[in-house]
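Following: one structure in structure tokens, then a few remarks.
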Amino acid sequence: MSVHTLFAPDGALSRHIDGFVARAPQLEMARAVEQAIGAHGRLLVEAGTGTGKTYAYLVPALASGQRIVISTGSKNLQEQLYHRDLPTIIGALDYARPVALLKGRSNYLCLERLHNLMSESHLQKAEVLADLVKVRSWSGTTTTGDVGDIPGLQENAEILAHITSTNDNCLGRDCPYYDDCHLVVARRRAMDAQVVVINHHLFFADLAVKDTGFGELVPEAQVYVFDEAHQLPEIATGYFGKSVSSRSLQDLAQDIQLAYRSEAQDMAQLGKAADRLQIASQDLRLAFGIESGRGNTRDMIKNSYWGQALARLTDALTLCYDVLKLALGRGERLDQCFERVSEIKGRLGEVLALNQTGCSYWFECSRLHFSLNLTPLSVAERFGAEVLRPEVSWIFTSATLTVDGHFAHFASELGLAGSAELVLDSPFDYSAQARLCVPRCLPEPNVFGRAEQLANMMIPLINRTPGGCFFLCTSHQAMRQVSEVLRREAGRTILMQGEDSKSRLLATFVENGHAVLVATASFWEGIDVRGAALSCVIIDKLPFASPDDPLLKARVEDCRLRGGDPFSDIQLPKAVIALKQGVGRLIRDRSDHGVLVICDPRLVNRAYGATFLKSLPAIPRTRELARLGDFFNQIPSQVEDVAC
Ligand code: SF4
């Protein structure tokens, strides 16, 4: 049945979904998706907020009768699609084929590792033991093994690393729990399904594994749909590179200890080798000498103190390798540890070779951990080859794919030149629903004390806002400084990112209705707060990536060598997409009203400001902060106007 019939006023969707009325842009998108699937083509669709893009791709995809993989940007969206939108369309279309949800390995309980943890529980910290009680009682009842369902367990609980597996430590077919393994069961279900919902991380993890010639995690499909597709280039880059992390080294050291105690107690040297690996990994973290951040490995290697710590780590790995080699054949755990040491040794060699062109060699540190990485500067060639598979259609959609109305940047990053394109504006009436202000007399972007000045400048507006407010910052430091001032001076509840989990912060924000949430990047996208609870979004600065980021630096350098202009080819498009995401938090519904304040004079006094402004929805602009208060006063009459 054609999408025209399905979306018609008396069609299947209207008959089965209460209050459903197809919107013109939604139907246009559905037709374009239908056409792309029919022609085994590639389609890029930017669908503005409120278009109804989820139904616009689900309906033609399911109606095509083909095997479909739908990939979303995050686990939350994956859940929402699988548990809410997909069942609605399945009901409306009377779709009878099997569907499945498949997540990455780290989401599933590993029975083997849970067993090991229980047998070593006397060695664990009190908080891990407390959580172990929750995990044990849940593990007997779960049917999916999804660790996100464990009642009362924090999202970042330490125990999660102990009860889930990684590619490195999974025993695969040698595992005594293989037949009952939750991950294996979920993958089998996905293999048998006609529609599989995954996320971008899993898609690229699968592609990276395929590159090594090993088995599939994600079934082959005839139609691939990527929602929130603007995230793909960044995520893809992470999977086509190589990495060695202190977590994987310490995990290996623990598993060697376990193998020593359970399969080779007469080899005391093995226990000592594992201890040395553990200590050497911690020492190398200390040798980075920074609290957290990223840097270029080429620069770090010149530091002799760091070089010595690295040498101790490679010696410790070599010792583990030599001792495990002597134990080969004595037990499965020992054999598996030997394979992992060999593999990590090889990978460490690659991330430290520093000689491949077209790559960036960089490190990242958090408070306790580090990773050493080798990342390709572009994934266009690899991904561009993937989408040439015959008889397969590819749909890429998001509310933010274009810069100044063009897909060129997105298409070039993923090797998608020559794809069909469609831009659908949001159906919201921005001229009535919103105002944009770039205030006069703003402090310049890099002056000392800027965040405090901005916070003070915004207090009158915040206090006049009838509902809640997001204050989105481009750095953690600015976020902390803004919060401090607002807590002191503004008469509102101030919430700050990092003080609670993201989901709890949002729930508190919505419940309060008048709070100010001060946040950085993780609140710029994927947040959907409707109504007056979010009436004002303040953005501290245009979101250009830090020029010190080693990956960006390498890309800039590479672009220059190829004769390009790094600012207009890389930095500007990325910042425009990020700003569009941040702005998109404000108006989420036809009845929403709100104001947007972008505190960056460059938007109006630099030539490139026009590119940002042309890429945003057509929101009436002002430079007077006071006018925003007038707008809030008019909202009730505008609501009535809209209702008429
Ligand atoms: S097969 Fe791998 S993931 Fe599954 S239980 Fe065994 S070790 Fe864990």
Side-chain angles (χ1 to χ4, degrees), residues 75 78 100-121 123-124 128 131-132 134-150 153 157-193 196 198-199 201-206 208-210 212-219 239 245 247-263 274 324 330-344:
K75 279 188 272 177
Q78 204 184 346
L101 176 70
L102 183 63
K103 297 184 181 177
R105 160 190 293 283
S106 63
N107 293 279
Y108 296 99
L109 174 70
C110 169
L111 297 169
E112 156 76 3
R113 287 176 61 77
L114 175 62
H115 171 81
N116 292 342
L117 186 67
M118 290 196 298
S119 61
E120 299 264 304
S121 57
L123 300 174
Q124 300 302 329
V128 173
D131 284 340
L132 185 55
K134 295 175 198 159
V135 175
R136 277 189 66 180
S137 64
W138 164 84
S139 69
T141 56
T142 177
T143 52
T144 61
D146 187 332
V147 293
D149 298 340
I150 302 173
L153 194 72
E158 191 182 330
I159 195 170
L160 288 170
H162 297 287
I163 58 164
T164 54
S165 64
T166 62
N167 277 336
D168 284 341
N169 60 29
C170 174
L171 300 178
R173 288 188 185 278
D174 296 332
C175 174
Y177 300 96
Y178 188 80
D179 289 336
D180 298 320
C181 170
H182 294 295
L183 178 66
V184 172
V185 171
R187 285 182 181 171
R188 273 195 206 122
R189 244 184 240 139
M191 287 296 164
D192 295 339
V196 185
I198 61 168
N199 60 56
H201 287 275
L202 184 55
F203 177 83
F204 286 108
D206 182 50
V209 173
K210 275 183 192 151
T212 65
F214 284 103
E216 289 169 16
L217 315 174
V218 177
Y239 285 92
S245 69
R247 282 180 203 279
S248 65
L249 291 164
Q250 288 170 21
D251 202 29
L252 173 64
Q254 277 175 16
D255 287 350
I256 295 175
Q257 280 289 5
L258 182 66
Y260 155 62
R261 284 197 292 270
S262 58
E263 294 177 348
L324 280 164
R330 289 188 57 175
E332 272 173 19
R333 284 199 178 116
L334 288 163
D335 289 357
Q336 213 243 353
C337 286
F338 178 73
E339 274 174 37
R340 280 167 65 193
V341 173
S342 313
E343 209 269 323
I344 291 179

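Numbering starts at 1 and runs along the sequence shown. FYI, side chains are in, hydrogens and waters are out, and symmetry mates aren't considered; it's all heavy atoms of this structure. Each ligand, and each atom within it, is numbered from 1 in the order the structure gives.
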Quiz item: Are any of the side-chain nitrogens in Asp146 or Lys75 under 4.0 Å away from the carboxylate oxygens of its partner?
Solution: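 Result for this pair is no, no salt bridge flagged.
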
Quiz item: Is it true that Arg187 and Asp206 make a salt bridge, defined as a side-chain N closer than 4.0 Å to a carboxylate O?
Solution: no

Quiz prompt | ligand 1 atoms in contact with Leu111 (distance to a heavy atom under 4.0 Å) | solution =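 Going through ligand 1 atom by atom, the ones under 4.0 Å from Leu111 are 5 (S).
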
Quiz item: Relative to the heavy atoms of Leu171, which atoms of ligand 1 are at a distance of less than 4.0 Å?
Solution: 2 (Fe), 7 (S)

Quiz item: Angle class for the His115/Tyr177 ring planes (parallel below 30°, perpendicular above 60°, tilted otherwise)?
Solution: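 It falls in the tilted class, 30° to 60°.
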
Practice problem: Count the heavy atoms belonging to other residues, nucleotides or ligands that lie under 6.0 Å from CZ of Arg136, then report whether that count exceeds 12. | Solution: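 For Arg136, atom CZ is not crowded (no more than 12 foreign heavy atoms under 6.0 Å).
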
Quiz item: For atom 3 (S) of ligand 1, what's the nearest protein heavy atom and its distance?
Solution: Ser165 OG, 3.4 Å

Practice problem: Just go through Cys181, Cys170, Pro176 and tell me whose heavy atom is the nearest to atom 2 (Fe) of ligand 1. | Solution: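 Selected option, by shortest heavy-atom distance: Cys170.
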
Quiz item: Quick check: does Cys110 have an N/O/S atom under 2.8 Å of atom 2 (Fe) of ligand 1?
Solution: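 Given the 2.8 Å cut-off, Cys110 does not count as a ligand of atom 2 (Fe) of ligand 1.
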
Quiz item: Are any N, O or S atoms from Cys175 nearer to atom 4 (Fe) of ligand 1 than 2.8 Å?
Solution: no

Quiz prompt | Arg113 and Thr164: side chain donor to acceptor below 3.5 Å | solution =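 Arg113 vs Thr164: no donor-acceptor pair found between side chains.
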
